[in-house]
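A, B, ... follow the sequence lines: proteins, then strands. Residue 1 opens every chain. Because the structure is predicted, anything quoted here is derived from the model rather than measured. We use all heavy atoms of the structure for the numbers below, so side chains are in, but hydrogens, waters and symmetry mates are not.
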Amino acid sequence: MSEQLHEMHDHRDVAPGDEEEIRVGPRLLGYVVGLGLAILLTATSFFVAGTDLVWQPSIPVALVVLAIAQMGVHLVFFLHITTGADNTNNVLALGFGLLIVFLVIGGSLWIMDHLNHNMMPMDQLMQMQR
Amino acid sequence: MTDATLAFAGDDPHQLRGMQQSVTHDGPAPKRIVTGYGFWIFLLSDIVMFSCFFASYAVLLGQTAGGPSGAQLFDLKSVAAETACLLLSSFTCGLASIAADMRSARWFQTAMAATCVLGLAFLALEGREFAGLVSHGAGPTRSAFLSAFFALVGCHGMHVSAGILWLLTMMAQVFAKGFRADIMRRLLCFALFWHALDIIWVALFSVVYLLGSAA
């Protein structure tokens with residue numbers, strides 16, 4: 001334990017997943033808080049998806065926002081990716097990963113939507129092939 | 001090299017007058033940080049791969065070929081149970097990390113066993129769901145939508161299966177070898193992997209199941 005403690009505090013970087021906090025109590029509390037927030041956000045998601053109480057067109061937006069919030073909670077409380085100076089490398093890698101994710105998903109949806117718009121309906125296409 | 005130059009160099013050869021204190025290097029980062037960082041890069045590339053499956057699912061969402069859509073197929077109660085299993089397993093995995101840092105083998109094995117049971121429960125629920133879909137004629141061959149659905153959710157399920165194999169390996173390694181430095185690095189990577197699976201599941205149940213049944 002002391003060797004690892006030394007390793008963690010002697011240098012300016014922290015491995016992803018490692019915490020600066022080494023006392024058990026606060027670490028335990030961190031996981032409990034993370035679990036509580038995650039349960040709250042999950043329960044809200046499931047409630048919003050099946051309810052008539054909110055304006056219906058807002059439901060998809062609300063679900064996406066809740067999902068992103070919960071992923072943030074997981075990153076901070078479970079993976080210990082923080083904005084601290086010792087975490088810069090980890091955050092930069094995460095940022096690059098997210099850029100690619102958004103390019104892949106956003107780009108695919110954008111292009112395929114345009115293709116669908118511009119494509120002839122399937123039955124006409126079949127007629128032409130006869 | 002003469003004694004004179006050595007003496008000079010040892011003094012202050014570049015007239016830094018103490019400035020070198022601020023530019024000294026610590027040398028290479030400790031192995032734990034290098035390993036953890038490398039595994040973090042792998043996880044991010046894994047997430048990029050999942051984003052491709054998500055993209056294909058989103059593109060093929062409407063291509064049901066006259067077959068059933070998500071709203072007719074999904075059972076949200078089962079999904080909620082799966083979510084609870086995976087979320088709790090993430091929590092117990094965190095407890096296992098703490099126990100490993102405390103060098104408490106008993107608590108570590110207990111927490112890992114709980115993680116394993118919750119992961120297996122998740123897989124059982126998902127297997128039941130898949131079997132139900134296939135038996136109702138909504139297998140992966142029914143439509144492009146269902147192909148994309150099974151590819152996406154099945155890929156996550158395979159990751160969970162691999163994670164459980166890894167988990168059992170780690171339990172055995174800690175049992176046989178104790179909390180050695182190299183074992184601790186593997187545990188760090190395993191914890192990262194397991195938590196990342198939970199993050200992907202959050203995207204999955206929100207986008208596939210909840211948006212699918214709301215729409």
Search all heavy atoms of [X] against all heavy atoms of [Y] and return the closest pair with its distance.
{"X": "A/A15", "Y": "B/R32", "value": "CB-O, 3.7 Å"}
{"X": "A/F46", "Y": "B/L76", "value": "CE2-O, 3.8 Å"}
{"X": "A/D13", "Y": "B/I33", "value": "O-CD1, 3.2 Å"}
{"X": "B/L192", "Y": "A/P16", "value": "CD1-O, 3.5 Å"}
{"X": "B/V48", "Y": "A/G97", "value": "CG2-O, 4.0 Å"}

Give the C-alpha distance, both sets of side-chain angles, the deciding distance and a yes or no for side chain to side chain contact (heavy atoms under 4.5 Å, CB included) between A/F102 and B/S51. CA-CA 8 Å; A/F102 279 116; B/S51 79; over 6 Å; no
Among [options], which residue has the highest count of heavy-atom pairs closer than 4.5 Å to chain B?
{"options": "A/L94, A/I39, A/N90", "result": "A/N90"}
{"options": "A/L41, A/I68, A/T42", "result": "A/T42"}
{"options": "A/L75, A/I81, A/L28, A/L35", "result": "A/L35"}

Looking at B/W40 and A/A93, would you say the former's side chain and the latter's main chain have a donor-acceptor pair under 3.5 Å?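 No, B/W40 side chain to A/A93 backbone: no donor-acceptor pair under 3.5 Å.
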Counting heavy-atom pairs under 4.5 angstrom with chain A, the leader among B/S56, B/A80, B/A203, B/C52 is B/A80
Max heavy-atom pair count under 4.5 Å with chain A, selected residue of B/L95, B/L88, B/L188, B/L43: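 Among the listed options, the one with the most contacts to chain A is B/L188.
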Nearest-0.5 Å distance that lies between atom [atom1] in [X] and atom [atom2] in [Y]:
{"X": "B/S213", "Y": "A/L63", "atom1": "OG", "atom2": "CG", "result": "9.0 Å"}
{"X": "B/M102", "Y": "A/R27", "atom1": "CE", "atom2": "CZ", "result": "9.5 Å"}
{"X": "A/I100", "Y": "B/S45", "atom1": "CD1", "atom2": "OG", "result": "11.0 Å"}

Chain B heavy atoms under 4.5 Å from [X]: which part of the residue, side chain, backbone, both or neither?
{"X": "A/L66", "value": "neither"}
{"X": "A/L103", "value": "neither"}
{"X": "A/L98", "value": "neither"}

I need the contact set between residues 108-115 of chain A and chain B: heavy-atom distance under 4.5 Å, sorted by residue number. A/S108, A/L109, A/M112
Select all residues of residues 47-62 of chain A having any heavy atom within less than 4.5 Å of some heavy atom of chain B, and report them by number, or 'none'. A/A49, A/I59, A/P60
Per-residue contact mode, [X] against chain A (heavy atom under 4.5 angstrom):
{"X": "B/F39", "result": "neither"}
{"X": "B/V79", "result": "both"}
{"X": "B/I98", "result": "both"}
{"X": "B/A191", "result": "neither"}
{"X": "B/I41", "result": "side chain"}

Check: A/Q70 and B/F205 side chains under 4.5 Å, non-hydrogen atoms: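 Yes, at least one pair of side-chain atoms sits under 4.5 Å.
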Under a 4.5 Å cut-off applied to non-hydrogen side-chain atoms, are B/I199 and A/F78 in contact? no
Chi angles and distances behind the side chain to side chain contact (heavy atoms under 4.5 Å, CB included) call for A/F96, B/L44: CA-CA 9 Å; A/F96 180 68; B/L44 289 167; over 6 Å; no
How far apart are the C-alpha atoms of B/L87 and A/H74, what are their side-chain angles, what is the distance that settles it, and do they pass the side chain to side chain contact (heavy atoms under 4.5 Å, CB included) test? CA-CA 10 Å; B/L87 189 55; A/H74 282 246; 3.6 Å; yes
